[in-house]
Structures are given as structure tokens and as C-alpha cells.
Amino acid sequence: MNKVELFRSLHQRRLPDDPLVLPGPWDAASARVLVEAGFTALATPSAGVAASLGYEDGATPADEMFAAVARIVRAVDVPVSADVEGGYGLAPKELVERLLEAGAVGCNLEDSNGGVLKDPRLHADWLAEVRAEAADLLFVNARVDTFLHGDGNPERAIERAALYVAAGADCVYPIAAPAGVLPLLRSGIQGPVNVFARLDGKGPSPTELGELGATRITFGPGLQRWAALALQGMAGELKR
């Protein structure tokens, strides 16, 4: 079983209280720490990587993002999926080629641009092209931004998800969906569902999110920001 097959298998037959937890490394050192802790796969956060490179979220040049992903992949021996935002305007063929060159086994692809939702049918057509170019070499996680940049209507999120799954997405990510609507989303979405979990203890735990319908859990830039806060505290101590 190669890394892509392993990564895909990790999403299958998950028990409700055992979702796949994918922490987000922002550089090679953090990736190694997470693997040494026992995690069997990782998913890079675009915002966390951006911060590590000195950019605002969404402002990282494509070349630097792919280079960062490649460094993370080289540092560990587990599957790594990459958040490549909206694809940086690349044609599907080039996007797939660059992901494979970086060594990624999968990718997150957003359905908004600059805070505005894309036309879901046009986005589904684009996802279908990505799937056709990638064949079975990439696990595609299609982000649904209805709760982040839309009106938060779960039925509209389900409609978008259905289009993306039909286009070949392996997983759907209704980012920022309230925990209370997860059972509805789970009942209306075919296939794995990615859910964002908070690290500040103010939201449901990964296990609780799994029981509500999450197949897999990611944390966005949470770990990178948590580490930055820890460093800030240590720096304050050093200064004193």
C-alpha cells in the first residue's frame, strides 16, 4: 500500500467516536514532532504555513507554499495532505503536477475567492478537471465555505457538497459549520466529512465531533498559533 492508498484507507470505516485526527504542521520541525507523538498522517494548514513564512493568510505565493509542503513531506514518512487554498489560479493539470512534485497525497481546495463564494457548478466543473488529472493519485478534500462566507444555510452547504462529490471529491469540508448542524450535514452528505476543531477548549472535542458526524478532524492554523503564544510567553520571561 502506497501513501495515497494508506491515506484514503484511514478515512474508511471510522467509528463515530474515533474520527481521523489530522494535526497541521507548518514546517518540517513541527511535522516531526507530530509524527513522533504518534500521528499517522498530517494535513498542512495554509494559514499556519503563511505565518511561518511571514505572510498574511491567503497571501503566500504559490512557489513558496509548494516549497514549504515539499519540506514537510521530506521530513516525515507519513502521508501529508496540503492545503493549497483556491489553487492559486493554476490550471488543473499544473496544480496536480505541483502537488505530486511536492509529495502531497491530497489537497484542500476552497470554493470561495477573496471572501466571495464561487458559483458551485463552475467550481464543481473545475474539481472534476482536477480529479481527471489526478486520477487516484490525490485525495481531494473539497472545502464548502457556506458557513464562512455565505448565509450559513446547511441545505445550501449540502447542495454544494453533492455537486463536489459528484465531481469526484473524496471528502467534503464544511468549514466553520456549527456543531449543532453536523448531524444534518452528515445525513445529507455522501462520503467523509472534515470538521474543524478548536484547541481552546471552547468547542466540542474531536471525539464529540465524531459522534456528531465528523469523519476527520483538522485544526486549521490552531497548532501554529498555540505554539506562537507559547513562544511569546517564553520570550517575555527571557526579556524580564
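Treat the numbers as computed from the prediction; the structure is a model and nothing was measured.
More than 12 heavy atoms of other residues, nucleotides or ligands shown are found within 6.0 angstrom of CZ on R186. For E64, the CD atom counts as densely surrounded, since its 6.0 Å shell holds more than 12 non-hydrogen atoms of other residues, nucleotides or ligands. Within 6.0 Å of CD in E56 there are 12 or fewer heavy atoms belonging to other residues, nucleotides or ligands.
No salt bridge links R98 with E101; every basic N to acidic carboxylate O contact stays at or beyond 4.0 Å.
Results of the side chain to side chain contact (heavy atoms under 4.5 Å, CB included) test with T44 over N108, V84, V73, I72 single out I72 as the only residue that passes.
Remark: side-chain polar atoms of E208 are paired, donor with acceptor, to backbone N or O of S205 under 3.5 angstrom. In this structure, the side chain of D119 engages the main chain of L122 through a donor-acceptor pair within 3.5 Å. Within the 3.5 Å criterion, the main-chain N or O of C107 finds no donor-acceptor partner in the side chain of N141.
Separating the CD atom in E85 from the CG atom in L109 is a distance of 10.5 Å, to the nearest 0.5 Å. Atoms CD and CG, on E5 and L137 in that order, are 9.5 Å from each other to the nearest 0.5 Å. Interatomic distance, D27 CG to Q224 CD, rounded to the nearest 0.5 Å: 9.0 Å. S81 OG to L10 CG: the interatomic distance, rounded to the nearest 0.5 Å, is 11.5 Å. Taking CZ of R160 as the reference point, atom NZ of K118 lies at 10.0 Å (rounded to 0.5 Å). To the nearest 0.5 angstrom, T40 atom OG1 is 11.5 Å from L34 atom CG.
L117 is not connected to L185 by any chain of hydrophobic side-chain contacts under 4.5 Å among Ile, Leu, Val, Met, Phe, Trp and Tyr, and they are in different clusters. Tracing side-chain contacts under 4.5 Å through hydrophobic residues (I, L, V, M, F, W, Y), one never reaches W226 starting from L22; they form parts of separate clusters. Clustering ILVMFWY residues whenever any of their side-chain heavy atoms sit less than 4.5 angstrom apart, transitively, puts V69 in the very cluster that holds L99. Cluster annotation: I158 and V144 are assigned to the same hydrophobic cluster (Ile/Leu/Val/Met/Phe/Trp/Tyr, side-chain heavy-atom contacts under 4.5 Å, transitive). Hydrophobic clustering keeps V193 apart from L20 (ILVMFWY residues linked when any side-chain heavy atoms are closer than 4.5 Å, directly or through intermediates).
Judged purely by distance below 3.5 Å, without hydrogens or angles, the side chains of Y173 and E110 never pair a donor atom with an acceptor atom. A donor-acceptor pair shorter than 3.5 Å can be found between the side chains of T218 and N194.
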Carefully, step by step, assess E97 and K93 under the rule salt bridge (charged side-chain N to carboxylate O under 4.0 Å, His left out). CA-CA 6 Å; E97 288 175 348; K93 180 178 175 59; 3.2 Å; yes
Please determine whether side chain to side chain contact (heavy atoms under 4.5 Å, CB included) holds for the pair V21 and R216, giving the CA-CA distance in whole Å, both sets of side-chain angles, and the decisive distance to 0.1 Å. CA-CA 6 Å; V21 176; R216 80 180 208 180; over 6 Å; no
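Residues R8 and D136 come closest through the heavy atom pair NH1-O, 3.5 Å.
The aromatic rings of H123 and Y164 sit perpendicular, their planes meeting at an angle over 60°, well past the 30° parallel limit.
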